[in-house]
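Below is one structure, written out as structure tokens, with a few remarks after it.
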Amino acid sequence: MSTIENYDVIVLGAGAAGLFCAALAGARGKRVLLLESGERTGRKILISGGGRCNFTNTGTKPANYLSENPHFAKSALARYTPRDFIALVEKHGIAYHEKTLGQLFCDGGAHVIVTMLETECREAGVETRLRTPVEKVEKIDDGFAVTTPSGVLHATSVVVATGGLSIPKMGATGIGYDIARSFGLDIVEPRPGLVPFTFSEAEAERWSDLSGLSAEVVATANPKKKQRTPPPVFREKLLITHRGLSGPAVLQISSYWRHGEPVTIDLAPGYEVFLHMLEPTTRRDETTMLNLLRDHLPTRFAERWLTENAPPDWKNTSIQRTEALVHAWPVTPAGTEGYAKAEVTAGGVSTAELDSTTMQAKRVPGLAFIGEVVDVTGWLGGYNFQWAWASAFAAAAAL
Ligand code: FDA
């Protein structure tokens, strides 16, 4: 007769959040089982930050996150800060550097972060089972039953750290949302975030031969629906691709974008581009306009932009209108490159369902959700890992 195995905590998903939560819970003396569907742990960490893992951002603030409730992340982020994670990284002798804007990367490969988390798990006595996809979680009298293909396991608490839908070929599944729904919890409709935009066929024909050209811009989303806080503006690089637009400015703004809405791009932030042409001594012609725009954009980009947007005549008002347009160029993407290319999944388990100090479902004590599966999505730049660490810490402290 087989006996059902019992644990204090079962953590579902050995990604960033799950590994860290399991290690912390184990260190607190809990009997922890970590279940992972894949062949190994921390697969997304390994491909993150171009293989060097941008593991945190020293400037992390709640304002760097999107959520239906922008206040939800505050408590967890305040209790486990970038400084805390840096201390752990330093304890393990991992060399790192700041690239830009507070983004910290490993000097070597991202695998050192996975090794660090695996070491923490091992030292904390965590039992890890790979190739074990969780099928469902049910409430039982004194805890939860977790069903896997190799049998049912019991635990007093369950932590769901199964991530979002981004990069299905790395094992992303919607199981975290399914588990939440099975307990009657609300989900904020998931959507790809930090993802390149695609052009319509006509737009692609117009722009795709410029693929590879980039410029420093300011990108802004223009949501139709009124937001509690206005979406931020991002001053970073825009990159033209074969299929549409990418680059950090575009990835950042994509998380705030909804289908059918335009985004606004300032192609020469902080500069007056064409207003010199209003002076009586300056020539008013296409060559002058192109030369002025070339100070801000690669020549072929400037030429193509003027083909579309040059003024119909050289009146003052027309020049002023072109000046306004270069600072607020409206682009309506046809779509995005979807979950196959999205670095994160925005939306997820509604924060209204969760206690912000324990990450547990208010209606299902003992069942916690952490990391990307929750409706908290960070900007590009190490913020998503910092949320994984901070939400894992909050959950582990309450187990
Ligand atoms: P994550 O997705 O990491 O882990 C979930 C785990 O659950 C996976 O191991 C999965 O296999 C497992 N799982 C799924 N279904 C299961 C089931 N049924 N049973 C058991 N296990 C299951 N962020 C950042 O801050 N800095 C960076 O440099 C980058 N770079 C980056 C690059 C690329 C290409 C991508 C796609 C993403 C990033 N990110 C990033 C985002 C970051 O990787 C992401 O936010 C975190 O990995 C989320 O951590 P989680 O642990 O929540 O989910």
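Because only heavy atoms are used, hydrogens play no part in the values below, and waters and symmetry mates are left out as well, while side chains stay in. Just so it is clear, the model here is predicted, and its values are computed rather than measured. Just follow the structure's listing: the first ligand is 1, and inside any ligand the first atom is 1.
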| request: Write out the residue and atom name of the closest protein heavy atom to atom 26 (N) of ligand 1, then the distance separating them to 0.1 Å. | output: Asn54 O, 2.9 Å

| message | Is a donor from one side chain sitting under 3.5 angstrom from an acceptor on the other, for Thr60 and Asn57? | response | no

| task | Give the numbers and elements of all ligand 1 atoms closer than 4.0 Å to a heavy atom of Ile175. | result | 15 (N), 16 (C), 17 (C), 18 (N)

| note | Under 4.0 Å from one or more heavy atoms of Ala161, ligand 1 contributes atoms 5 (C), 6 (C), 7 (O)

| task | Check each heavy atom of Asn384 against ligand 1 and say whether those closer than 4.0 Å belong to the side chain, the backbone, both or neither. | result | both

| said: Any atom of ligand 1 sitting under 4.0 Å from a heavy atom of Ser166? | reply: no

| Which of the atoms of ligand 1 are close to Pro133, meaning less than 4.0 Å from one of its heavy atoms? | 19 (N)

| said: For atom 52 (O) of ligand 1, what is the closest protein heavy atom, and at what distance to 0.1 Å? | reply: Glu372 N, 2.8 Å

| request: For atom 2 (O) of ligand 1, state which one of Lys341, Lys44, Glu39 supplies the nearest heavy atom. | output: Lys44

| query | So which heavy atom in the protein is nearest atom 34 (C) of ligand 1, and how far is it from that ligand atom? | reply | Ile47 CD1, 3.6 Å

| request: Name the closest protein heavy atom to atom 9 (O) of ligand 1, giving the residue it belongs to and the distance to 0.1 Å. | output: Glu36 OE1, 2.6 Å

| request: Look only at the side chain of Glu303 and the backbone of Leu290, and say whether a donor-acceptor pair between them is shorter than 3.5 Å. | output: no

| query | Does Leu12 have a heavy atom less than 4.0 Å from any atom of ligand 1? | reply | no

| message | So for atom NZ, which belongs to Lys362, do other residues, nucleotides or ligands contribute more than 12 heavy atoms lying within a distance under 6.0 Å? | response | yes

| Which of the listed options, Gly49, Gly164, Gly51, holds the heavy atom that is closest to atom 28 (O) of ligand 1? | Gly49

| field | Identity and distance of the protein heavy atom lying nearest atom 38 (C) of ligand 1 | value | Glu343 OE1, 3.6 Å

| Counting heavy atoms not belonging to His92, are there more than 12 under 6.0 Å from its NE2? | yes

| request: Under 4.0 Å, heavy atoms only, figure out whether ligand 1 is touched by the backbone of Glu135, its side chain, both or neither. | output: neither

| Okay, side chain of Thr322, backbone of Ser318: is any donor-acceptor separation there less than 3.5 Å? | yes

| remark: The protein heavy atom nearest to atom 24 (C) of ligand 1 is Phe385 CD1, 3.2 Å

| query | Between Arg206 and Glu203, is there a side-chain N and carboxylate O pair less than 4.0 Å apart? | reply | yes

| Residue portion contacting ligand 1 (non-hydrogen atoms closer than 4.0 Å) for Val134 | both

| salt_bridge(Glu120, Lys91) N-O dist < 4.0 Å | yes

| Relative to the ring of Phe55, is the ring of Phe85 parallel (under 30°), tilted (30 to 60°) or perpendicular (over 60°)? | tilted

| query | Does a donor on one side chain and an acceptor on the other come within less than 3.5 Å for Asn69 and Ser67? | reply | no

| field | Atoms of ligand 1, numbered as shown, that sit under 4.0 Å from any heavy atom of Ser48 | value | 27 (C), 28 (O), 29 (C), 30 (N), 31 (C), 32 (C)

| said: Taking 4.0 angstrom as the limit and counting only heavy atoms of Ala16, give me the atoms of ligand 1 inside it, by number and element. | reply: 3 (O), 49 (O), 51 (O)

| Atom pair CD1/CZ of Ile113 and Phe385 - distance to nearest 0.5 Å | 8.5 Å

| field | Where ligand 1 meets Gly371 - atom numbers and elements under 4.0 angstrom, heavy-atom basis | value | 52 (O)

| Which option, Ile167, Leu130, Thr377, Thr345, owns the non-hydrogen atom nearest atom 36 (C) of ligand 1? | Ile167

| query | If you measure from the Lys or Arg side-chain nitrogens to the Asp or Glu carboxylate oxygens, is any gap between Arg40 and Glu118 under 4.0 Å? | reply | yes

| message | Students should be able to answer this: which protein heavy-atom is nearest to atom 53 (O) of ligand 1, and at what distance? | response | Gly163 CA, 3.4 Å

| said: Given 3.5 Å as the limit, does a donor-acceptor pair link the side chain of Glu353 with the main chain of Asp186, or not? | reply: yes

| query | Considering only heavy atoms of Thr173, which atoms of ligand 1 have at least one such atom less than 4.0 Å away? | reply | 14 (C), 15 (N), 16 (C)

| remark: Between Gly108 and Arg52, the two heavy atoms sitting closest are O-CG, 3.6 Å

| query | Do Ala17 and ligand 1 have an N or O pair less than 3.5 Å apart? | reply | yes

| request: Determine whether the side chain, the backbone, both or neither of Ser37 has a heavy atom under 4.0 Å from any heavy atom of ligand 1. | output: both

| request: Using the six-membered ring wherever Trp is involved, compare the ring planes of Trp389 and Phe20 and label them parallel, tilted or perpendicular (cut-offs 30° and 60°). | output: perpendicular

| query | Can you list the atoms of ligand 1 that are under 4.0 Å from a heavy atom of Gly382? | reply | 24 (C), 25 (O), 26 (N)

| request: Please write down residue, atom name and distance for the protein heavy atom closest to atom 4 (O) of ligand 1. | output: Gly15 CA, 3.3 Å

| task | Using the six-membered ring wherever Trp is involved, compare the ring planes of Tyr271 and His296 and label them parallel, tilted or perpendicular (cut-offs 30° and 60°). | result | tilted

